[in-house]
Structure formats: C-alpha cells, structure tokens
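Every heavy atom of this structure was used, including side-chain atoms; hydrogens, water molecules and symmetry mates were not. To find a chain, count down the sequence lines: A is the first, B the second, and so on, and within it residues start at 1. Here the structure is a predicted model, which means the values were calculated and not measured.
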Amino acid sequence: MRKNNLEVYNTLTKKKESFVPKEEGHVRMYVCGPTTYNFIHLGNARPIVVFDTIRRYLEYLGYKVTYVQNFTDVDDKIINRANEEGQEPLQLSAKYIDEYFKDADRLKVKRANIHPKVSEHMEDIINFIKGLEEKGYAYEVDGDVYFSVRKFADYGKLSGRSIDDLLSGARVEVDQKKNDPLDFALWKKAKKGEPAWPSPWGEGRPGWHIECSAMSCKYLGQEFDIHGGGYDLVFPHHENEIAQTEALTEAPMARYWLHNGFITINQEKMSKSLGNFFLLREILEKFDPMVVRFYLLSTHYRSPLDFDNEKLEVAQKGLERLKNSYFQLNNGLKNAGSFPNGDKLKAAAQKCRSEFEEAMNDDFNTALAIASLFDLAREVNTYLKETDLDKESLLAAKEVFEDLLQVLGIVFAGHEVSDKKLDELINLAISLRQKARAAKDFATADWLRDRLKTAGVILEDSPQGTNWKLEGETKELMEKIMEIIIELREKARKNKDYPTADLIRDNLKDVGITLEDTPQGTTWK
RNA sequence: GGCGACAUAGCCAAGCGGUAAGGCAGAGGACUGCAAAUCCUUUAUUCCCCGGUUCAAAUCCGGGUGUCGCCUCCA
C-alpha cells in the first residue's frame with residue numbers, strides 16, 4: 001500500500017475531505033450506469049472513463065476496490081423504444097448492454113466486479129420497498145407505491161435544497177394519486193403490454209431510483225465509500241436514493257458522493273433531450289479510442305468539458321507526443337549499456353511520479369497529473385540525444401511511464417498490423433526490386449529476394465510478374481519486411497542515392513507508415 | 001421564480017493567500033542530404049469589472065457583468 005493523503009470533493013459536504021474508507025485497505029464504490037436503450041454517447045462516456053480512472057488510481061495506491069456499476073434495463077424509454085421497433089424491451093436492453101461493453105472495452109474501461117441489472121433483482125427491490133412500507137415511509141395507491149418525502153427529515157441534504165424550494169420551483173404536473181406532489185414512485189403498476197413482475201401490490205415494475213438503493217445495498221452494504229455519477233444525477237436520483245436507503249437502514253448510504261461535470265457542445269450541455277449528442281462510436285470512427293480517453297482526462301472531472309473535433313485533434317497531438325517519447329525510449333533501450341550519465345533522467349522519473357501522485361491525491365486532478373507526464377517526456381527526449389544510453393536509467397523512466405499510463409488507462413498500441421498493410425508492403429518491396437532489376441542492379445535485386453526469403457516471403461518471378469508466398473504470422477512478417485526495407489533505404493542513403501531513399505520513404509507514407517531517423521537508427525510507426 | 005457553478009494568453013487548461021504549470025497553435029534558432037521526430041528561446045507586468053481585508057490576492061469578502069447548469073428524462 002502506498003502512503004497517500006488523498007482528498008476528494010464530496011458533493012454532500014460541498015468540500016474536499018480526506019479520503020478514509022470505512023474498511024481499511026478496501027474501497028467499495030458504486031457508479032450509476034446507463035439506461036440501455038441506445039448506443040452510449042460522449043456524455044455517458046465521461047463518467048465511465050472518469051470513475052474507471054479513479055478506480056485505477058485507488059488500485060495503484062494499493063486499495064482493494066469493489067466496483068459496482070449497474071445497468072438500468074427496465075425503464076419507460078426502453079419500453080417506448082422497443083415498442084417503436086417491435087421488439088421485446090428486455091431484448092432491446094440486452095442488445096445495448098452488449099454494445100455498451102464494446103464501446104467501454106475500446107476505451108480500456110475495466111469491467112466492474114459486478115454489473116447488476118434491474119431485471120435480475122426484482123426480489124431485492126420488492127423486499128426493499130416492503131421494508132419501507134413497514135417503516136411507514138411508503139404507501140400504496142391503486143397498485144402504485146410512493147415514497148413519503150416529508151417523512152424523511154434529511155431530504156434535500158445532497159442537492160442542498162429545502163422541500164419548500166422544491167415546491168415553489170415545481171414544474172411537474174401534480175399527480176393526483178400522490179399524497180404530496182414531492183413523493184416519487186417506488187413501484188409502478190403495469191400498464192397494458194408493458195413488462196411486469198408480480199409483487200405484493202400487483203403486477204408492475206420498479207421506479208427508477210429504487211434499483212440503485214436495493215442493488216448498492218445488496219452488494220456493498222451500508223455506508224459504502226464512494227457513490228459516483230454525472231452531476232445531473234444529484235437531483236433527484238441520488239437525493240432519492242439517499243432518502244430510500246437511509247430511511248430503511250438508518251445508516252448513511254455512502255461516505256463520499258462524487259459527481260462529474262458535463263460534456264458540452266458550444267457551451268451547452270450535451271443531452272439526449274436537446275438532441276445535441278454525439279454517439280461514442282461516431283467519434284471512434286474518426287479518432288483512436290485512446291485519444292478520446294486522453295481528451296476526457298485532460299480536464300478536471302468536475303469541470304465542464306466542451307466538445308468539438310478540433311479539441312480532439314489537439315488531444316491527439318498531445319498524446320502523440322507522449323507516445324513518440326515512450327516508443328523512442330523503448331527503442332533506445334535496445335542498445336543501452338551501463339553509463340554514468342543518467343542521474344538527471346532518474347531524478348526526472350522520480351519527480352514525475354511524485355508530482356503525478358500529488359495531483360491525483362488532490363481530488364483526482366488528471367489534468368495536472370498529465371502535465372507531469374509531459375515533463376518526463378521532455379527529459380526522456382533530451383536524454384535520448386546522448387550517444388551512450390544507460391539502461392538502468394532508461395528502465396527507471398520506462399517503469400514510471402508505464403505505471404502512470406496504466407492509472408490513466410492509456411495503452412499505446414505497437415505497430416499497427418493488418419493483412420492489407422502486409423500486402424502493400426510486399427508489393428512495395430517487389431516494386432523496389434523490380435526497379436533494381438530494371439537498372440540492371442542484380443546484386444540489389446538478388447539481395448532483396450534472399451533477405452525476403454529468410455524473412456518468410458518467397459518470391460517467384462514469372463512472365464506475368466512476381467508472385468509471392470508467405471510463411472509466418474502477419475505481425476512478424478511485417479516487422480521483418482520493414483527491417484529489410486529500412487536496410488535497403490539505409491544502403492541508398494550511404495550511397496547518397498537520396499532519390500531512392502526518399503522514394504522509399506514516400507511510398508511507405510502512402511501505406512501509412514512514417515519513418516523517423518534517429519541517432520539509434522530508423523524507426524517506424 | 002428558487003438553488004448552484006464557472007469567468008486565467010490566439011485556443012485548451014492547472015493553480016485557490018506568497019509573486020502565473022502543462023498542451024496545442026504562432027515566431028526565431030539548433031539538429032537533418034531533405035523529411036519526420038526532437039531540443040533551445042520566445043508568447044499573460046497579469047488572471048471579467050469595481051470596491052474591501054491583508055505586509056502580500058488570480059486565489060478571501062462585498063457588489064456588478066457575462067456564461068452555463070439543476071429544479072422534468074438525462075451521465
């Protein structure tokens with residue numbers, strides 16, 4: 001366990017507090033997940049990434065984390081959508097739960113320990129409501145069950161409003177069935193054609209808020225450590241959860257309430273009702289998932305984050321800088337030895353780690369934490385200009401780099417490989433050989449054929465052109481062929497045959513491969 | 001109408017009482033056969049405005065102005 005003095009901003013107390021879990025060394029957290037009637041949009045992605053990062057940092061500190069994220073799979077919007085599409089509601093939501101995981105996986109969001117669904121917790125929910133009824137906090141009216149808000153003295157403590165404020169600002173049409181306009185539904189009587197479950201109050205389904213109370217209680221118990229979600233859940237969702245849970249258990253529901261700010265478009269909240277939302281997968285068509293993740297973490301989680309393509313492009317460039325540095329670091333490691341010139345780098349690595357931790361300890365300030373990574377990248381890049389590289393120092397920097405990227409959930413993909421690219425590369429190699437043959441440079445042509453053969457690409461010349469066969473895995477083949485092409489270009493450069501060298505570089509660019517000449521040799525990406 | 005948040009360079013964004021991080025963009029220079037990448041220098045006498053507290057304020061207090069959010073489903 002790392003020593004820490006983590007402070008988190010608690011919506012409940014409206015200030016930063018020292019973070020102390022109820023059980024030493026173990027953090028229990030619950031994060032409100034999506035209602036699954038569509039693909040997730042960027043606004044949904046923010047809390048997912050933010051709380052995943054918080055979880056990763058807690059784990060980095062050495063805590064055991066029990067992470068629960070629910071799916072709301074029984075809901076009006078799901079039912080409506082399913083009716084429109086002539087589908088079963090639960091089928092529809094199951095589909096979007098699948099799709100949710102596809103998106104979350106691409107963003108490198110770790111799976112929760114438990115992903116409870118409403119549809120699978122009817123008994124827990126019903127028992128919870130029964131308990132409230134027994135305690136006098138709930139009442140039934142014609143198959144509906146409501147929570148008596150006025151019976152719960154602390155109502156409003158999370159969102160900071162009084163019952164009178166709520167009444168004066170009420171925009172809701174008063175439902176005559178309720179005893180009090182503020183009361184909210186715990187259980188809704190089934191309408192015709194709706195999914196319904198049997199209950200002591202007849203066929204019906206749960207209200208929205210009760211699921212989180214019942215499921216968090218079931219998996220995390222009383223007074224769990226962190227309850228998270230978007231800021232728009234503070235009222236009424238979380239307020240109502242508190243009322244239900246605390247009325248029943250007579251214990252605090254959660255110790256720390258964390259809420260992330262909104263994604264905005266032109267300064268306006270991105271939301272389904274405004275229709276100004278972007279589906280995550282639309283964005284992932286244009287941008288690497290890691291760029292999106294990096295962008296989401298480049299601002300403090302409680303601040304609003306404005307979205308447009310340009311901002312993603314900036315994030316992309318920034319991440320690229322880190323990525324270049326990280327890969328050049330690995331490249332430098334190949335020929336590193338033991339030299340006494342790495343003290344500054346080692347110190348920088350250590351400084352980076354401590355600044356990163358300090359930033360994260362201050363209410364998960366990822367924006368500041370990322371800045372420490374940029375500082376390390378600069379030191380690494382500077383050190384890489386040395387002719388003698390010290391392995392131990394490079395490894396120290398690499399370890400910090402990797403540990404911290406792991407916390408952020410950023411993974412740098414290695415060389416992108418695909419069969420299509422492999423084909424293009426081989427065709428390029430063949431055309432280069434053809435060029436040599438045309439120039440009667442048979443030495444080079446044969447050299448190329450032999451080297452390719454060793455690599456697993458067998459060329460066969462025929463009157464119709466050159467055919468080829470492959471032996472081996474795509475990834476290995478690509479690495480080897482690149483090695484050969486770079487070697488070929490190196491030869492040309494030595495002979496000051498720059499037109500050929502540049503032609504090779506340009507052709508590679510067309511395939512989507514960029515060459516970089518460094519003191520340690522040429523690398524590609 | 002009630003409640004709340006925020007305003008920092010061309011853009012994004014930290015800092016939240018001790019004399020303005022970081023990224024992107026721009027300018028100049030270095031390296032390079034040319035590129036790419038990288039490095040160095042440079043870019044806010046000042047943090048929306050006006051008062052106040054303090055030896056000291058972007059940071060605290062009061063008053064404006066502007067933007068946004070919640071009070072209805074929302075992450």
Side-chain angles (χ1 to χ4, degrees), chain A residues 11 14 16 31-35 37 40-51 72 75-77 80 156 159-162 164-173 208 228-237 239 259-264 266-274 277 294-295 298-300 302-306 308 310-311 313-325 327-328 355 359 362 365-375 377-385 493 496-499 501-502 505-506 509 514-519 522-525:
Chain A
T11 308
K14 296 185 176 51
K16 281 184 199 167
V31 177
C32 287
T35 301
Y37 65 103
I40 61 168
H41 66 245
L42 226 215
N44 297 304
R46 167 119 100 146
I48 292 165
V49 166
V50 161
F51 288 102
T72 300
D75 171 272
D76 287 342
K77 295 184 293 292
N80 293 339
S159 55
R161 35 195 111 198
S162 69
D164 296 333
D165 291 342
L166 287 166
L167 274 181
S168 68
R171 284 194 257 152
V172 210
E173 269 183 61
W208 175 35
Y231 204 79
D232 48 1
L233 295 182
V234 172
F235 190 91
H237 187 54
E239 194 70 72
H259 295 96
N260 63 274
F262 303 126
I263 299 278
T264 59
N266 294 325
Q267 260 54 261
E268 279 197 325
K269 181 183 173 185
M270 176 186 290
S271 77
K272 288 174 184 171
S273 47
L274 287 175
F277 61 89
F294 187 72
Y295 155 79
S298 63
T299 297
H300 185 95
R302 282 191 286 115
S303 304
L305 211 201
D306 204 56
D308 64 53
E310 221 170 293
K311 286 172 179 129
E313 279 161 22
V314 169
Q316 185 165 40
K317 284 177 189 160
L319 188 61
E320 190 72 15
R321 180 176 169 79
L322 258 22
K323 186 174 172 177
N324 284 334
S325 182
F327 278 124
Q328 291 307 120
E355 285 182 352
D362 183 11
N365 191 337
T366 50
L368 229 203
I370 285 170
S372 72
L373 241 25
F374 279 108
D375 290 339
R378 166 168 288 119
E379 288 300 327
V380 167
N381 293 336
T382 300
Y383 183 66
L384 253 16
K385 289 182 189 300
R493 289 176 73 201
K496 303 242 187 281
D497 179 6
Y498 294 119
D502 290 351
R505 189 172 59 202
D506 291 346
K509 190 92 202 166
T514 307
L515 291 186
E516 288 176 7
D517 298 328
T518 77
T522 303
T523 61
W524 61 281
K525 59 182 184 181

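When the shell of 6.0 Å around NZ of A:Lys14 is examined, it contains more than 12 heavy atoms from other residues, nucleotides or ligands. Within a 6.0 Å radius of CG in A:Asn266, other residues, nucleotides and ligands contribute 12 heavy atoms or fewer.
Counting any heavy atom pair closer than 4.0 Å across all strands shown, A:Thr264 reaches no nucleic acid atom.
Between B:U8 and B:A14, the distance separating the two P atoms is 11 Å to the nearest Å. Taking the C1' atom of each, B:C16 and B:A7 are spaced 14 Å apart, rounded to whole Å. Distance check on atom P: B:G26 versus B:A37 gives 12 Å, rounded to whole Å. B:G17 and B:G64: their P atoms are spaced 25 Å apart (whole Å). Taking atom C1' in both B:G69 and B:U54, one finds a spacing of 34 Å when rounded to whole Å. Rounded to a whole angstrom, the distance from the C1' atom of B:G23 to that of B:G62 is 37 Å. Nucleotides B:C47 and B:A9, compared at atom C1', are 10 Å apart to the nearest Å. Remark: the separation of the P atoms in B:U59 and B:A25 is 31 Å, to the nearest Å.
Side chain of A:Asp362 to backbone of A:Asn365: no donor-acceptor contact under 3.5 angstrom is found.
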Restricting to nitrogen or oxygen on both sides, can you table the protein-nucleotides 27-30 of chain B pairs closer than 3.5 Å?
none

Listing time: all N or O pairs from protein to nucleotides 8-11 of chain B that are below 3.5 Å?
none

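If you check distances only, the side chain of A:Asp502 does reach the base of B:G33 with a donor-acceptor pair under 3.5 Å. Between the side chain of A:Arg505 and the base of B:C34 there is at least one donor-acceptor pair of N/O atoms closer than 3.5 Å. Between the side chain of A:Asp517 and the base of B:A35 there is at least one donor-acceptor pair of N/O atoms closer than 3.5 Å. Side-chain atoms of A:Arg321 stay outside donor-acceptor range of the base of B:G23, with no qualifying N/O pair under 3.5 Å.
With rounding to the nearest 0.5 angstrom, the CD atom of A:Gln328 is 6.5 Å from the CG atom of A:Asn324.
Judged by the 6.0 Å and 45° rule, A:Lys272 forms no cation-pi pair with A:Phe277.
RNA chain B forms stems at B:1-7 with B:65-71, B:10-12 with B:22-24, B:26-30 with B:38-42, B:48-52 with B:60-64, each a run of 3 or more consecutive Watson-Crick or G-U wobble pairs whose two key distances fall under 3.5 Å.
Screening residues 314-323 of chain A for side chain to side chain donor-acceptor pair (under 3.5 Å), with sequence neighbours left out, gives A:Glu320-A:Lys525.
Residues meeting the side chain to side chain contact (heavy atoms under 4.5 Å, CB included) test with A:Thr382, sequence neighbours left out: A:Arg378. Among residues two or more places apart in sequence or in another chain, the side chain to side chain contact (heavy atoms under 4.5 Å, CB included) test is passed with A:Ala501 by A:Arg489, A:Ala492, A:Arg493.
Distance A:His259 NE2 to B:A5 P: 15 Å, rounded to the nearest Å.
Residue ring and nucleobase are not stacked for A:Tyr231 and B:G69 under a centre distance beneath 5.5 angstrom and an angle between planes beneath 30°.
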